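Written out below as structure tokens is the structure these notes cover.
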Amino acid sequence: MKVVIFGITGQDGSYLAELLVKKGYEVIGVTRRVSVNTLSRIEHILPQLTIVEGDITDGFNISKIIESHEPDEVYNLAAQSHVGTSFKQPSLTWDITGAGVLNILEAIRYSSRKDQIRFYQASSSEMFGKNYTTSENASLMMSDDKVVVDDPTGKGFYEYKKYQDENTPFIPQSPYGIAKLAAHHLVRNYRESYGIHGSCGILFNHESERRGEQFVTRKITKWIGEFVLWSNQSSMDIDTTSDPDFILDNGRKFPKLRLGNLDARRDWGHAADYVEAMWLMLQQDEPDDYVVATGETRSVREFLDASFSFVEVDDWSNLVVIDPEFYRAAEVEYLLGIPTKAKRKLGWSPRIDFKSLAERMVAYDVKEAGLQRPSIQTV
Ligand code: NAP
Ligand code: F7E
């Protein structure tokens, strides 16, 4: 079996490539030409991959790749995937995250192997934006005005008042969410119009030791790693209160962690679990759309708690600065995905929980910081 992965150099692309190599696929990864090396996440499996140059905004190039490599499965993980950046560069986000998907769909539509190709599109919980299903309009009603749904962890039943599932209407809050929603509808339209075997995974936030450093979880764990290294070299108690922006120690200073909205809630899982759901979707006879999530919602503040407590810091309030620079023009405040359909139809469940996710990421970044030995700024 042959597979083409767009976005192979990203977090998910690297885990998916590993999974498919392990399953015996011939993996073709598409990378765009940039001035730096972007292969670091897949370096360890490079000898088992075929890398070809391509950009999903270039339709002819994409058609050529699909026609010449004759894949059985095509995964589109390529995107301008940072929500904050999508407010700063909306046109670019639209071209890649929205219109780029149309290029792949058109390439499949006109391919001589259209009926043999199965396509996966990386849809996102950002498409729900500010919407959620509540006990008022939920399909499963309970007498005391609470919604009861299957507990995806299999421990029984959980009660939820607000959640998102495949039936929740989309009200995206960012150029990124809107581009993803356009792509999501294009896949459905090409499925219905041309019989393309296209499935969309509506994936909620998933993180890992390979997460991009601009996303809030990795930004936090990376900072903790560097802070642990710095504070290990301290000779006395460090001063966290005298300077609003820096932590001080006997003439040395370390910048505090600058973050935006700490009250936003996300449903956070681990990327290694989520790529298995992608693959399972393409093994189904019928294409369909699935929510992939853990069924638990946590705030950024809770991620800070879990991460700092792993390095035995109980009170992080003087280590973090709230910086409006990191606020968004419009925020998605609440995400909690119900993966009941994925569980029932795909047999998928997440394995790595919230606490283990935070701990794995901090442990990795503490080790990384130690290895890299960053230079310490002195005053
Ligand atoms: P990521 O780490 O940002 O990776 C994005 C990938 O897209 C990179 O390989 C990047 O290549 C590639 N790319 C960007 N622009 C491209 C272009 N014009 N042509 C070809 N490739 C291009 O994202 P991720 O976290 O792995 O997420 C994978 C996909 O799932 C994305 O579509 C994302 O929007 C979506 N998603 C992610 C989450 C999540 O929580 N992680 C949740 C839901 C949906 P470079 O290395 O060259 O930049
Ligand atoms: O933000 C808040 C921020 O950038 C999470 C992408 O993979 O998941 C991701 O999008 C929350 C937001 O992820 C900072 O305002 C506070 O409420 O880590 P994030 P995201 O926006 O949820 C979805 C499902 C995708 O599809 C996307 O591709 O954290 N937050 N302070 C911050 N966020 C960032 N980045 N940086 C901060 O300093």
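Fair warning: this is a prediction, and the values are worked out from it, not measured in the lab. Ligands are counted one by one from 1 in listed order, and the atoms in each one are counted from 1 as well.
Which parts of ligand 1 touch Asn205 is read off a 4.0 Å heavy-atom cut-off, strictly below it: atoms 40 (O). Under a 4.0 Å criterion applied to the non-hydrogen atoms of Ser124, ligand 1 contributes the atoms 43 (C), 44 (C). With ligand atoms numbered from 1 in the order given, ligand 1 contributes 29 (C), 30 (O), 32 (O), 35 (C) to contacts under 4.0 Å with heavy atoms of Ala122.
Only one option out of Lys256, Arg258, Lys253 pairs with Asp245 in a salt bridge (Lys or Arg N to Asp or Glu O under 4.0 Å); it is Arg258.
Considering backbone and side-chain atoms together, Leu77 places an N or O closer than 3.5 Å to an N or O of ligand 1. Every N/O-N/O distance between Thr57 and ligand 1 stays at or above 3.5 Å. When only interatomic distances are considered, the shortest N/O to N/O separation between Lys180 and ligand 1 falls below 3.5 Å. Remark: ligand 1 and Gln11 share an N or O pair separated by less than 3.5 Å (distance only, no angle test). Taking distance alone, with nitrogen or oxygen atoms compared against 3.5 Å, Gly10 approaches ligand 1 more closely than that limit.
What you find for Val101 and Ala183 is that their closest heavy atoms are CG2-CB, 3.6 Å.
Between Arg266 and Glu126, at least one side-chain nitrogen of the basic residue sits less than 4.0 Å from a carboxylate oxygen of the acidic one, meeting the salt-bridge criterion. Using a cut-off of 4.0 Å between Lys/Arg side-chain N and Asp/Glu carboxylate O, Asp165 and Lys341 are scored as not salt-bridged.
Among all protein heavy atoms, the one lying closest to atom 44 (C) of ligand 1 is Ser123 O, 3.4 Å. The single protein non-hydrogen atom nearest to atom 17 (C) of ligand 1 is Asp55 OD1, 3.6 Å, given as residue, atom name and distance. The shortest contact between atom 27 (O) of ligand 1 and any protein heavy atom is with Asp12 OD2, 3.6 Å. Looking only at heavy atoms of the protein, atom 9 (O) of ligand 1 is closest to Thr9 OG1, 2.6 Å. Looking only at heavy atoms of the protein, atom 5 (C) of ligand 1 is closest to Ala79 O, 3.8 Å. The protein heavy atom nearest to atom 43 (C) of ligand 1 is Leu203 O, 3.1 Å. For atom 47 (O) of ligand 1, the closest heavy atom belonging to the protein is Arg32 NE, 2.9 Å. Of the protein's non-hydrogen atoms, Ser81 OG, 2.7 Å is the one closest to atom 3 (O) of ligand 1.
At least one heavy atom of Ile56 lies less than 4.0 angstrom from ligand 1. Contact analysis leaves His82 out of contact with ligand 1, as no non-hydrogen atom separation drops below 4.0 angstrom. Remark: distances from the non-hydrogen atoms of Arg211 to ligand 1 include one below 4.0 Å.
Between Phe254 and Trp223, a ring centre-to-centre spacing shorter than 6.0 Å is recorded. A distance of 6.0 Å or more separates the ring centres of Trp279 and Tyr274.
Side-chain N or O atoms of Ser307 include none that pairs as donor or acceptor with a backbone N or O of Ala358 at under 3.5 Å. The backbone N or O of Thr93 sits less than 3.5 Å from a side-chain atom of Thr97, completing a donor-acceptor pair. Looking at Asp267, its side chain does come within 3.5 Å of a backbone N or O of Gly295 through a donor-acceptor pair.
Between Arg113 and Asp72 the shortest side-chain heavy-atom distance falls below 4.5 Å.
For the residue pair His270 and Asp353, no side-chain donor N or O sits within less than 3.5 Å of a side-chain acceptor on the partner.
The closest non-hydrogen atom to atom 7 (O) of ligand 1, taken over Ala78, Ala271, Gly201, Ala179, comes from Ala78. Nearest-heavy-atom check against atom 33 (C) of ligand 1 across Tyr75, Tyr176, Trp268 picks out Tyr176.
Under the side chain to side chain donor-acceptor pair (under 3.5 Å) criterion, Tyr176 pairs with no residue, sequence neighbours left out. Residues forming a side chain to side chain donor-acceptor pair (under 3.5 Å) with Ser111 (at least two apart in sequence, or on another chain): Glu67.
Below 30°, between 30° and 60°, or above 60°: for Phe303 and Trp268 the angle between ring planes is between 30° and 60°, a tilted geometry.
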May I have every N or O pair linking ligand 2 to the protein at under 3.5 Å, one per line with atom names and distance?
| unit_1 | atom_1 | unit_2 | atom_2 | d |
| --- | --- | --- | --- | --- |
| ligand 2 | 4 (O) | Arg328 | NH2 | 2.8 |
| ligand 2 | 7 (O) | Arg211 | NH1 | 3.3 |
| ligand 2 | 7 (O) | Arg211 | NH2 | 2.9 |
| ligand 2 | 8 (O) | Asn205 | ND2 | 3.1 |
| ligand 2 | 15 (O) | Glu331 | OE2 | 2.6 |
| ligand 2 | 17 (O) | Arg266 | NH2 | 3.0 |
| ligand 2 | 17 (O) | Glu331 | OE1 | 3.0 |
| ligand 2 | 17 (O) | Glu331 | OE2 | 2.9 |
| ligand 2 | 18 (O) | Val216 | N | 2.9 |
| ligand 2 | 21 (O) | Arg328 | NH1 | 2.5 |
| ligand 2 | 22 (O) | Asn205 | ND2 | 2.8 |
| ligand 2 | 22 (O) | Arg266 | NE | 2.7 |
| ligand 2 | 26 (O) | Ser124 | OG | 2.6 |
| ligand 2 | 26 (O) | Tyr176 | OH | 2.7 |
| ligand 2 | 28 (O) | Ser81 | O | 2.7 |
| ligand 2 | 28 (O) | Tyr176 | OH | 2.8 |
| ligand 2 | 31 (N) | Gly260 | N | 2.8 |
| ligand 2 | 35 (N) | Gln214 | O | 2.9 |
| ligand 2 | 35 (N) | Arg328 | NH2 | 3.4 |
| ligand 2 | 38 (O) | Lys219 | NZ | 2.7 |

- Message: Before you tell me yes or no, could you show the steps for Thr31 and Thr9 under side chain to side chain donor-acceptor pair (under 3.5 Å), namely the whole-Å CA-CA distance, both residues' side-chain angles and the distance that decides it to 0.1 Å?
- Response: CA-CA 7 Å; Thr31 65; Thr9 55; over 6 Å; no
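Within the hydrophobic cluster formed by Ile, Leu, Val, Met, Phe, Trp and Tyr side chains joined at under 4.5 Å, directly or through other members, Ile178 is accompanied by Trp94.
At a heavy-atom cutoff of 4.0 Å, ligand 1 is contacted by both the backbone and the side chain of His206.
Atom CG of residue Leu46 and atom CD1 of residue Ile42 lie 5.0 Å apart, to the nearest 0.5 angstrom.
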